[in-house]
Amino acid sequence: MIPVDETVTAIRKHVADWRAEGETIALVPTMGSLHEGHMALVDLALEHARRVVVSIFVNPTQFGVGEDFSSYPRDLGGDLRKLSLVADRVFAPTVHEMYPPGYATTVSVGGPAEELEGAFRPQHFAGVATIVSKLLLAVGPDFAVFGEKDYQQLLVVRRLAADLRLPGEIIACPTSREPDGLARSSRNVYLTAEERQVAPRLHQAIETAAEAIHNGSLAATAVEEAHQALLGAGFDVDYVELRNAETLKPVADQDTEPMRLLAAARLGRTRLIDNVPV
Ligand code: AMP
């Protein structure tokens, strides 16, 4: 079985041992309940580094009041089995280890954290930035791998790592999808059988809009059509937005800027997010 460290001291020691051997190290931060999307991150980590540490920590500070922190799917035994042949160590700290009693320090982020998810989940990216900082400082990797599935998070982490000069080059992994296009997510287990049938329409809607924009359609029209398609399919739509792929600012010139189409929508009690390049 793959070895598990529960303390910062322990993971630091093992990483230091690898370093003394001249080995490179990649970190894959996760909240566990691992699926094929996470395993794609591990595979990409192995392409960059000799040793791979996967962290498993359901980070309480990135969940808002009334969100699913207590019901978030947890399966440490299953996760360890999935990782046993592919990763080198798991870092699975307790909440007290990462947030010592009386903790009073958090990281705040602006820039790419401000809109979209930041508007709908006000404390979310501060929680993400805080835990990612702690994990990168605990492990001190050469590389850290994040998924494009959470595209805004990826940009927030890049900004954070640059601003705080955190250790580790940030590597992006493309979104892993089910055969019908639904982005893989630990939260997909919340979907009822009926909702699961509808869920791929989120990807279909933004992919259709992205193609239309690519082919010269007016962005506002294509985005509105995607929004209407989602409402028609039964989603409650939080946003469908075309943004600059590097800054996440609204697109001023759709002929010259790199663009990303991002969406968040709810089906019953499940909130789905997805994004595609344009
Ligand atoms: P999570 O466990 O949901 O916090 O995700 C941990 C990491 O896996 C994050 O960097 C996510 O962006 C990434 N991830 C989650 N789902 C996918 C997916 N379907 N494809 C690619 N990366 C993913």
Side-chain angles (χ1 to χ4, degrees), residues 26-48 52-64 67-69 71-76 78-80 82-83 86-87 90-93 98 112-113 116-117 121 124-125 127-136 139 141 143-161 166 168-191 196 199-200 202-203 206-207 248 260 262-264 270-277:
L27 172 66
V28 179
T30 80
M31 297 206 298
S33 211
L34 301 180
H35 51 68
E36 282 178 52
H38 295 113
M39 302 314 282
L41 269 63
V42 175
D43 289 344
L44 187 58
L46 277 169
E47 288 179 23
H48 286 85
V52 173
V53 176
V54 177
S55 64
I56 297 179
F57 182 66
V58 184
N59 174 38
T61 65
Q62 73 189 67
F63 289 79
E67 290 186 4
D68 56 345
F69 173 68
S71 60
Y72 193 84
R74 290 164 170 87
D75 177 21
L76 187 60
D79 292 344
L80 298 183
K82 287 175 192 154
L83 293 172
V86 285
V90 165
F91 178 45
M98 298 317 276
L116 306 172
E117 290 302 288
R121 306 181 70 192
H124 175 65
F125 285 125
V128 168
T130 300
I131 195 62
V132 169
S133 302
K134 288 166 181 264
L135 292 170
L136 289 175
V139 175
F143 304 94
V145 186
F146 292 84
E148 288 184 349
K149 154 80 179 17
D150 302 280
Y151 190 80
Q152 188 176 7
Q153 169 174 281
L154 171 66
L155 295 192
V156 167
V157 167
R158 282 196 195 287
R159 185 75 259 166
L160 167 77
L166 293 172
E169 180 186 334
I170 307 301
I171 309 280
C173 183
T175 302
S176 163
R177 299 182 180 280
E178 302 288 352
D180 60 14
L182 176 64
R184 294 196 162 97
S185 166
S186 306
R187 288 190 169 101
N188 289 350
V189 298
Y190 296 154
L191 295 166
R196 177 64 189 79
L202 176 59
H203 177 239
I206 58 174
E207 191 62 48
L248 286 189
R260 199 93 189 175
L262 305 102
T270 311
R271 187 167 181 277
L272 302 173
I273 60 172
D274 204 345
N275 67 88
V276 290

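Atoms within each ligand, like the ligands themselves, are counted from 1 in listed order. Index from 1, following the sequence.
Remark: ligand 1 and Arg184 share an N or O pair separated by less than 3.5 Å (distance only, no angle test). Close N/O approach between Ser185 and ligand 1 is not found [any backbone or side-chain N/O within under 3.5 Å].
With hydrogens left out, the protein atom closest to atom 22 (N) of ligand 1 is Leu41 CD1, 3.3 Å, a heavy atom. In terms of protein heavy-atom proximity, atom 5 (O) of ligand 1 is nearest to His38 NE2, 3.5 Å. Summary of contacts: the protein heavy atom closest to atom 20 (N) of ligand 1 is Ser176 N, 2.8 Å. The protein atom (non-hydrogen) at minimum distance from atom 4 (O) of ligand 1 is Met31 CG, 3.5 Å. For atom 3 (O) of ligand 1, the nearest protein heavy atom (residue, atom name, distance) is Tyr72 OH, 3.8 Å. With respect to atom 11 (C) of ligand 1, the closest heavy atom belonging to the protein is Asp150 OD2, 3.0 Å. Annotation: atom 6 (C) of ligand 1 to nearest protein heavy atom, Pro29 O, 3.3 Å. Closest protein heavy atom to atom 23 (C) of ligand 1: Lys149 CB, 3.8 Å.
By the criterion of a heavy-atom distance under 4.0 Å, the backbone of Pro174, and not its side chain, is placed next to ligand 1. Here Ser33 has no heavy atoms under 4.0 Å from ligand 1, in either its backbone or its side chain.
A side-chain donor-acceptor contact under 3.5 Å links Asn188 to the backbone of Ala183. Judged by distance alone, with hydrogens and angles left aside, the side-chain atoms of Asp75 form a donor-acceptor pair with the main-chain N or O of Gly78 at under 3.5 Å. Judged by distance alone, with hydrogens and angles left aside, the side-chain atoms of Glu47 form no donor-acceptor pair with the main-chain N or O of Leu44 at under 3.5 Å. Checked by atom type and distance alone, the side chain of His38 pairs as donor or acceptor with a backbone atom of His35 at under 3.5 Å. With Asp274 contributing its side chain and Ala263 its backbone, the two residues share no donor-acceptor pair below 3.5 Å.
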**Request:** Could you give me the CA-CA distance, side-chain angles and deciding distance for Ser176 and Arg184, then say whether side-chain hydrogen bond (donor to acceptor under 3.5 Å, both in side chains) is met?
**Result:** CA-CA 6 Å; Ser176 163; Arg184 294 196 162 97; 2.8 Å; yes
**Derivation of the side chain to side chain contact (heavy atoms under 4.5 Å, CB included) call for Leu272 and Ser185** = CA-CA 9 Å; Leu272 302 173; Ser185 166; 5.8 Å; no
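For ligand 1, the atoms closer than 4.0 angstrom to any heavy atom of Gly147 are 9 (C), 10 (O), 11 (C), 12 (O), 13 (C), 22 (N). Per-residue contacts place Thr175 under 4.0 angstrom from the following atoms of ligand 1 (heavy atoms of the residue considered): 20 (N), 21 (C). Residue-ligand proximity, Phe146 to ligand 1, at heavy-atom distances under 4.0 Å covers atoms 10 (O).
Residue Glu207 holds its CD atom at 7.0 Å from CZ of Arg177, rounded to the nearest 0.5 Å.
Checked against a 6.0 Å centroid threshold, the rings of Phe91 and Phe57 do not count as neighbours.
The closest approach between His35 and ligand 1 falls below 4.0 Å for a heavy atom of the residue.
Using the six-membered ring where Trp is involved, Tyr72 and Phe63 have ring planes that are perpendicular, over 60° apart on the 30 and 60° scheme.
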